[in-house]
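Read the numbers this way: they start at 1 and go in the same order the structure lists the ligands and their atoms. The structure presented is a predicted model; accordingly, all values stated were derived computationally and were not measured.
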Amino acid sequence: MSSKPVIFNQTSYGKAEVGVLYVHRHDKYRHSITDFQVTVSLTLATFIDYTHGDNSDIVATDTTKNTIYFLAHQHPEALESPERFGILICTHFLTKYQHILNCNVYVETNGWKRAVVHGKEHAHAFIGDSSIKRFTTVSKPRGQPFRISSGFKNLKLLKTTQSGFEGFMKDELTSLTDTKDRIFATSATINYEFNSIDSVNFNDIWEQVLRTVVESFSGPYDTGVYSSSVQHTMYLTNKRVLEEHKIIEQVEMNMPNIHYFLYDLTKIGVKGNTTTLFPAPLPYGHISCKLGRSVLAKL
Ligand SMILES: O=c1[nH]c(=O)c2[nH]c(=O)[nH]c2[nH]1
């Protein structure tokens, strides 16, 4: 039997879902806000906390929470994007404590839009934009470059035509029939990984990726574009993201196929219903696609 000591290399701990609301006061009445939810996870070089109940190396999760608020207060310029704030937090912990081997920061943003009053954007009143959620994961192993992946979740998309599903495998258990025209509804998630973070404008990239996902799903504003499957639409979207942004190394999408079906009105004597549908209850089709730059080059 080997006498090698057991190596723990998978430990991490920290503070989860720390809510930070920062008020940027431009003047007495005109303000803007940043609203982040931050989770920090640290990995230590030592395991004495786990193996011996010795807490002397632990940076308390309470201290981690205080640090998040302190850094937001002292460096509001870093709040311009969740990525910059993640970089700041990682840099702080790895600089201050040599026994921290890895810092991982996950930031989710809560979106707020200015309230519109009498047709004008309000100076300091906001409306919660609860649906689409921007997120990022910033991690920094000691001595290695930053790893950053970003994206959004919960982007609700629906189109009423230009979607079909035909030619799939049929066997004795198949009941689905081919269709050239169906509703395509989803709640999209995208997560893209950067290959470099030098002089990246994270906000611009995020806006552009969002635009690409919406355009790729929708097609031209008047005729749209035909989707032969959720799979194909996702692949084309990922491909476009990689083609448009050389700084993105790989991209992963998740597009559940949320079903809407025509309601059967013949039961109550109405024939030829083509307009009135119901959202099908669970289950839904779960479909994902990850595409890396090196794979794309070979296709
Ligand atoms: O776009 C689709 N992909 C599938 O794999 C699938 N399976 C299914 O039942 N409907 C659909 N639609």
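- Atom 11 (C) of ligand 1 has as its closest protein heavy atom F165 CE2, 3.4 Å.
- Side-chain N/O atoms of N203 and R134 include a donor and acceptor closer than 3.5 Å.
- The side-chain heavy atoms of V230 and T186, taken from C-beta on, include no pair separated by under 4.5 Å.
- Listed by number with element, the atoms of ligand 1 under 4.0 angstrom from any heavy atom of Q231 are 1 (O), 2 (C), 3 (N), 4 (C), 5 (O).
- With hydrogens and angles left out, the side-chain atoms of W112 and D35 include a donor and acceptor closer than 3.5 Å.
- Closest to atom 9 (O) of ligand 1, if we only count protein heavy atoms, is L176 CD2, 3.4 Å.
- At a 3.5 angstrom cut-off on N or O pairs, R182 counts as close to ligand 1.
- Listed by number with element, the atoms of ligand 1 under 4.0 Å from a non-hydrogen atom of S229 are 1 (O).
- In this model, a donor atom of one side chain and an acceptor atom of the other lie less than 3.5 Å apart for N154 and S187.
- There is no side-chain donor-acceptor pair under 3.5 Å between Q162 and S227.
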